[in-house]
Amino acid sequence: MLAILVDAVLPVFIIAGIGILVGRIFKPDPRPISRLALYVFAPALIFSSLATADMHFGEVASIFLFLLIWTPIMYAISWAIAWQLRIRGKARNAFLLGTLFSNAVNYGLPVSLFAFGQEGMNRALLFLAPTALMTGTLAIYIASGGGAGGWRSLLPLLRIPTFYATLAALAINPLDVTFPNAIARPLQTLAGAAIPTMIMVLGIQLSHASIKEDLLPGGIAAFVRLFIAPAVAYLCTLVLGIDGVTQQVVVVLSGMPTAVHTIILATEFDTRPNQVTSTVALSTAASLVPLTLLIWTVQRVL
């Protein structure tokens with residue numbers, strides 16, 4: 001597991017540390033940077049990854065079905081916890097962002113490769129399709145719900161390009177299209193900027209976030225993400241009959257820290273970005289031991 005620490009976790013902390021220094025020294029406004037990630041880099045990453053990925057749609061369907069069951073259960077659990085703790089309004093939306101969306105890309109992909117080999121990596125790539133669709137729909141709905149009520153919260157979907165990028169990639173993928181270099185190279189270049197930009201936004205947010213102020217909701221959301229989410233995932237795989245490497249990868253990816261992308265959305269829609277940043281920071285910092293134990297458990301039990 002030392003390789004996972006060095007290759008998957010440490011680079012995230014180094015880039016975030018640079019973001020913290022930039023935030024403290026230059027004090028930039030994170031919103032323009034987050035908008036670059038949200039409107040340019042993230043759509044390029046989603047489209048370039050999914051449009052050419054080797055996806056078996058039978059397994060994609062089973063993972064979609066898993067998320068269709070797992071997500072409402074986690075939503076209900078998270079909403080009930082927030083209600084019990086009297087977390088309301090934007091704070092509740094920030095709490096939901098922290099508990100429902102895992103860092104299955106820049107954290108989950110390398111962990112899947114190191115823990116389960118290429119077969120695990122392939123399953124993790126299949127996980128990206130429904131995860132990207134959720135990020136482009138449900139995550140935006142929750143984040144924008146801090147400023148809009150009811151069905152009005154769905155309107156921002158029409159102006160967020162990650163939604164269209166996901167649908168377009170899933171439509172193109174079965175056609176086995178090879179893009180010319182004039183298209184492929186700009187896409188790959190923009191996609192390569194997505195993850196470091198997201199992590200830089202994390203660091204900049206951390207540089208002026210009041211971790212102490214948001215420690216309780218952030219810490220509870222991190223606990224839900226690291227412990228309750230994979231337990232619910234395991235039960236869902238039993239109900240659906242998902243087994244083998246697919247079951248192992250799905251459970252582990254469900255127990256990843258909170259997605260960095262939630263900071264981008266929280267910043268864009270002003271949905272308690274400091275609270276979401278606290279959840280991302282706490283869940284990421286605390287993930288090493290529980291994630292190691294989770295991988296050890298699924299490798300020996302499942």
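The figures here come from the full heavy-atom set of this structure, side chains too, leaving out hydrogens, waters and symmetry mates.
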(Q) Working to the nearest 0.5 angstrom, can you tell me the gap between I20 CD1 and F13 CZ? (A) 9.5 Å
Q: Check the surroundings of atom CZ in R86: do more than 12 heavy atoms from other residues, nucleotides or ligands lie under 6.0 Å from it?
A: no
**Q.** Min side-chain heavy-atom separation L45-S49 under 4.5 Å
**A.** yes
**Q.** Atom of R88, atom of A82 and distance for their closest heavy-atom approach
**A.** NH1-O, 3.6 Å
(Q) So, using ring pair (Phe, Tyr, Trp, His ring centres under 6.0 Å) as the criterion, who are the partners of W296 when residues are at least two apart? (A) none
Q: Starting from the C-alpha separation in whole Å, work towards a yes-or-no answer on side-chain contact (heavy atoms from CB on, under 4.5 Å) for R31 and D270.
A: CA-CA 10 Å; R31 181 164 292 190; D270 193 26; 3.9 Å; yes
Q.
N181: which residues meet the side chain to side chain contact (heavy atoms under 4.5 Å, CB included) condition with it, sequence neighbours left out?
A. R185
Q: Please round to the nearest 0.5 Å and tell me the distance separating atom CD1 of I295 and atom CZ of R300.
A: 11.0 Å
Q. Which residues satisfy the ring pair (Phe, Tyr, Trp, His ring centres under 6.0 Å) test with F227, sequence neighbours excluded?
A. F223
Q | ring-ring contact (aromatic ring centres under 6.0 Å, His included) partners of residues 15-45, not counting sequence neighbours, each pair once | A | none
Q: May I ask whether I18 and I25 are part of the same hydrophobic cluster, defined by side-chain heavy atoms of I, L, V, M, F, W, Y residues being less than 4.5 angstrom apart, directly or through others?
A: yes
Q. Between I15 and M200, does a side-chain contact (heavy atoms from CB on, under 4.5 Å) hold up when you go through it step by step?
A. CA-CA 6 Å; I15 298 173; M200 283 292 290; 4.0 Å; yes
Q) Looking at side-chain heavy atoms only, is the closest gap between I69 and L240 below 4.5 Å? A) yes
Q. What pairs with R92 under side-chain hydrogen bond (donor to acceptor under 3.5 Å, both in side chains), at least two apart in sequence or on another chain?
A. none
Q: For L67 and P72, work out which heavy atoms get closest and say how close.
A: O-CD, 3.9 Å
**Q.** Side chain proximity check, T71 to L138, heavy atoms < 4.5 angstrom
**A.** yes
Q: Taking all non-hydrogen atoms of both residues into account, name the closest pair between A165 and I46 and its distance.
A: C-CG2, 4.3 Å
Q | Interatomic spacing from CG in L202 to OG1 in T284 - rounded to 0.5 Å | A | 6.5 Å
Q. Listed by chain and number, what are the side-chain hydrogen bond (donor to acceptor under 3.5 Å, both in side chains) partners of T267, not counting sequence neighbours?
A. Q205
Q) Distance-only, no hydrogens or angles: does the S144 side chain make a donor-acceptor pair with backbone N or O of Y141 under 3.5 Å? A) yes
Q. Can you check side-chain contact (heavy atoms from CB on, under 4.5 Å) on K90 and F269, steps first, answer last?
A. CA-CA 10 Å; K90 288 186 177 183; F269 295 106; over 6 Å; no
Q.
Starting from L187 and following side-chain heavy-atom contacts under 4.5 Å between hydrophobic residues (I, L, V, M, F, W, Y), which residues can be reached?
A. F47, I172, L175, V177, F179, I183
Q. Rounded to the nearest 0.5 Å, what separation is found between the CG atom of L294 and the OG atom of S287?
A. 11.0 Å
Q: Verify the cluster assignment for L68 and F66: are they in a single hydrophobic cluster under the rule of side-chain heavy atoms below 4.5 Å apart?
A: no
Q) Under the side-chain hydrogen bond (donor to acceptor under 3.5 Å, both in side chains) test, which residues partner S112, sequence neighbours left out? A) none
Q) How about F116 and V111: do any of their side-chain heavy atoms sit closer than 4.5 Å? A) no
Q.
If you compare all heavy atoms of L282 against all heavy atoms of G219, which two are closest, and at what distance to 0.1 Å?
A. CD1-N, 3.6 Å
Q | Residues that S78 engages under side-chain hydrogen bond (donor to acceptor under 3.5 Å, both in side chains), provided they are two or more places apart | A | T99
Q. So do F101 and L96 actually touch side chain to side chain, heavy atoms under 4.5 Å?
A. no
Let me have the donor-acceptor pairs involving side chains of residues 242-266, under 3.5 Å, with sequence neighbours excluded, atom names and distances please.
{"residue": "T246", "atom": "OG1", "partner": "E59", "partner atom": "OE2", "Å": "3.4"}
{"residue": "T246", "atom": "OG1", "partner": "R123", "partner atom": "NE", "Å": "2.8"}
{"residue": "Q247", "atom": "NE2", "partner": "T237", "partner atom": "OG1", "Å": "3.0"}
{"residue": "Q248", "atom": "NE2", "partner": "V298", "partner atom": "O", "Å": "3.1"}
{"residue": "Q248", "atom": "NE2", "partner": "L302", "partner atom": "O", "Å": "3.4"}
{"residue": "S254", "atom": "OG", "partner": "V250", "partner atom": "O", "Å": "2.7"}
{"residue": "T258", "atom": "OG1", "partner": "G98", "partner atom": "O", "Å": "2.6"}
{"residue": "T262", "atom": "OG1", "partner": "A259", "partner atom": "O", "Å": "2.6"}

Q. Where do S278 and L215 land on the side-chain contact (heavy atoms from CB on, under 4.5 Å) test, with the steps shown first?
A. CA-CA 7 Å; S278 297; L215 183 62; over 6 Å; no
**Q.** Shared-cluster residues of V289, by chain and number - hydrophobic side chains joined below 4.5 Å
**A.** L293
Q) In Å and rounded to the nearest 0.5 Å, what is the CD1 to OG1 distance from I204 to T277? A) 11.0 Å
Q | Non-hydrogen side-chain atoms of S207 and V22 separated by less than 4.5 Å | A | no
Q.
Do I33 and T197 make a side-chain contact, defined as non-hydrogen atoms from C-beta onward lying under 4.5 Å apart?
A. yes
Q.
Quick check against the 3.5 Å criterion: does Q299 have a side-chain atom that pairs as donor or acceptor with the backbone of A115?
A. yes
Q: Heavy atoms only: give me the nearest P43-V40 pair and the separation to one decimal.
A: CD-O, 3.4 Å
Q. Looking at side-chain heavy atoms only, is the closest gap between I73 and C236 below 4.5 Å?
A. yes
Q | Minimum heavy-atom distance between L109 and A124, given as atom pair plus value | A | CD2-CB, 3.6 Å
Q: Just jot down the salt bridge (Lys or Arg N to Asp or Glu O under 4.0 Å) partners of R35, sequence neighbours excluded, or say none.
A: E268
(Q) Rounded at 0.5 Å granularity, tell me how far CG in L97 sits from CD in Q275. (A) 9.0 Å
